[in-house]
Amino acid sequence: MPRAQQMFEAASILSAFLSEAGIPHAFYGGITCVALGSQQETEEIFCIVEGGFKGVRNALQNCEIMTCSTSSWSGRLYTTYHDPIPPIEIEILKAGETGPKRINGSTVMMLNRLPFLSISEFLRAKMNSWLAHGSEGDAADIIYVLSQYAPAVDINRIPEPEMDRFVKLYPGEVRQAWATVRSRYGL
């Protein structure tokens with residue numbers, strides 16, 4: 001089974017348990033680009049949840065193929081899908097710390113029958129990650145989504161000074177797409 005398919009399977013299992021427990025959630029990371037049609041390879045998959053980590057632990061307590069573990073030094077929560085080799089790790093992030101404060105119809109889109117951050121929320125979260133870490137992977141994800149999905153971007157959700165800085169560093173890849181977004185809003 002291709003690795004991307006295994007990652008979607010892991011996300012689907014996690015989503016089913018979280019949905020059953022009534023926990024609003026959305027996936028995010030390089031996997032979003034794959035779900036949108038990118039051919040890139042990625043192992044990056046996050047799940048943003050409302051309500052903190054306790055609900056996630058409780059939702060997965062009877063799951064035999066997916067476990068939760070907390071990193072003692074960072075306080076981060078990870079779920080691990082043990083069926084494939086190597087296992088797939090999904091980092092759980094708290095809504096509001098990464099991504100929007102509320103996971104709902106205005107911040108989420110459905111791809112492959114799974115909830116993902118909307119295009120604008122994805123760009124906002126990736127931009128914040130890129131600003132914090134300067135990762136070329138984050139830059140590649142921003143470039144792909146902005147260049148392919150500019151008409152779906154809500155400029156009100158994107159930090160403009162930071163995006164302007166990004167465009168200066170990657171002008172050939174995103175200048176036209178960002179100009180398209182800005183022109184839709186009369187800027």
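Both backbone and side-chain heavy atoms feed into the values below; hydrogens, waters and symmetry mates do not. As the structure is a computational prediction, the values presented were derived from the model and not from experiment.
In this structure, CD1 in Ile90 is found 12.5 Å from OH in Tyr78, a value given to the nearest 0.5 Å. Between the CZ atom of Phe116 and the SG atom of Cys47 there is a distance of 9.5 Å, given to the nearest 0.5 Å. Distance check: Met127 CE to Trp130 CH2 gives 6.0 Å after rounding to the nearest 0.5 Å. The CD1 atom of Ile13 sits 6.5 Å away from atom SG of Cys63, with the distance rounded to the nearest 0.5 Å. Expressed to the nearest 0.5 Å, how far CZ of Arg57 lies from OG of Ser69 amounts to 9.5 Å. Atoms OG and OH, from Ser120 and Tyr149 in turn, are 13.5 Å apart once rounded to the nearest 0.5 Å.
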Item to check | Verdict with supporting geometry, Leu36 and Gln148, side-chain contact (heavy atoms from CB on, under 4.5 Å) | outcome: CA-CA 9 Å; Leu36 288 168; Gln148 297 295 313; over 6 Å; no
Next on the checklist: What verdict does the salt bridge (Lys or Arg N to Asp or Glu O under 4.0 Å) test give for Glu9 and Arg3, after you've listed the backbone C-alpha separation in whole Å, the side-chain angles of each residue and the deciding distance to 0.1 Å?
Outcome noted: CA-CA 10 Å; Glu9 183 176 67; Arg3 190 66 171 168; over 6 Å; no
Next on the checklist: Before you tell me yes or no, could you show the steps for Thr79 and Leu60 under side-chain contact (heavy atoms from CB on, under 4.5 Å), namely the whole-Å CA-CA distance, both residues' side-chain angles and the distance that decides it to 0.1 Å?
Outcome noted: CA-CA 9 Å; Thr79 60; Leu60 291 174; 3.5 Å; yes
Next on the checklist: Under the criterion side-chain contact (heavy atoms from CB on, under 4.5 Å), I'd like the reasoning laid out for Val108 against Ser118: C-alpha separation, chi angles, the key distance, then a yes or no.
Outcome noted: CA-CA 5 Å; Val108 171; Ser118 68; over 6 Å; no
Next on the checklist: With side-chain contact (heavy atoms from CB on, under 4.5 Å) as the criterion, how do Asp141 and Phe122 come out once you've worked through the C-alpha distance, each side chain's angles and the decisive distance to 0.1 Å?
Outcome noted: CA-CA 9 Å; Asp141 291 344; Phe122 173 85; 3.9 Å; yes
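Between Lys101 and Glu50 no salt bridge is recorded (no basic side-chain N to carboxylate O distance below 4.0 Å). A salt bridge links Glu91 with Arg76; the closest basic N to acidic carboxylate O contact falls under 4.0 Å.
Contact annotation: the side chain of Glu44 approaches that of Asp138 to within less than 4.5 Å [non-hydrogen atoms, C-beta and beyond]. Between Arg113 and Ser12, the closest side-chain pair of non-hydrogen atoms is not below 4.5 Å. In this structure, Cys33 and Thr42 have side chains that are not in contact, with every pair of non-hydrogen atoms separated by 4.5 Å or more. Two residues are said to be in side-chain contact when any heavy atoms from C-beta on lie closer than 4.5 Å; Leu117 and Ile48 meet this criterion. At a threshold of 4.5 Å between non-hydrogen side-chain atoms, the residues Ile119 and Leu146 do not count as touching. Between Ile92 and Leu14 there is a side-chain heavy-atom pair separated by less than 4.5 Å. Looking only at side-chain heavy atoms (C-beta outward), Ile103 and Pro100 come within less than 4.5 Å of each other.
Within a 6.0 Å sphere centred on CD1 of Ile85, other residues, nucleotides and ligands contribute 12 heavy atoms or fewer. Atom CD of Glu64 is surrounded by 12 or fewer heavy atoms from other residues, nucleotides or ligands within 6.0 Å. Environment of CZ in Arg102: sparse, with no more than 12 heavy atoms of neighbouring residues, nucleotides or ligands closer than 6.0 Å.
Linking Ile, Leu, Val, Met, Phe, Trp and Tyr whenever their side-chain heavy atoms come within less than 4.5 Å puts Val174 and Leu131 in one cluster. A continuous path of ILVMFWY side-chain contacts below 4.5 Å connects Phe8 to Ile65, so both sit in one hydrophobic cluster.
Nearest heavy atom pair, residue Val49 against residue Gly52, reads CG2-O, 3.7 Å. Scanning all heavy atoms of the two residues, the minimum distance from Ile88 to Met7 falls at CD1-N, 3.5 Å.
Side-chain contact annotation: Tyr144 with Gln40, donor-acceptor N/O pair under 3.5 Å absent.
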Which atom pairs, donor and acceptor, lie under 3.5 Å between side-chain atoms of residues 150-168 and protein residues at least two apart or in another chain?
residue	atom	partner	partner atom	Å
Asp154	OD1	Asn156	N	2.9
Asp154	OD1	Asn156	ND2	3.1
Asp154	OD1	Tyr185	OH	3.4
Arg157	NE	Glu121	OE2	2.6
Arg157	NH2	Glu121	OE1	3.2
Arg157	NH2	Glu121	OE2	3.1
Glu160	OE1	Arg182	NH1	2.9
Asp164	OD1	Trp178	NE1	2.9

Expected list for residues 17-30: side-chain donor-acceptor pairs under 3.5 angstrom, two or more places apart:
residue	atom	partner	partner atom	Å
Ser19	OG	Ser15	O	2.9
His25	ND1	Ile23	O	2.9
His25	NE2	Ser15	OG	2.7
Tyr28	OH	Ala125	O	3.3

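Side chain of Asn104 to main chain of Ser106: a donor-acceptor pair is present (N/O by atom type, distance under 3.5 Å, no hydrogens or angles). Side-chain atoms of Ser147 come within 3.5 Å of backbone atoms of Ile143 as a donor-acceptor pair (strictly under, hydrogens ignored). Here the side chain of Thr67 pairs no donor or acceptor atom with the backbone of Tyr81 at under 3.5 angstrom.
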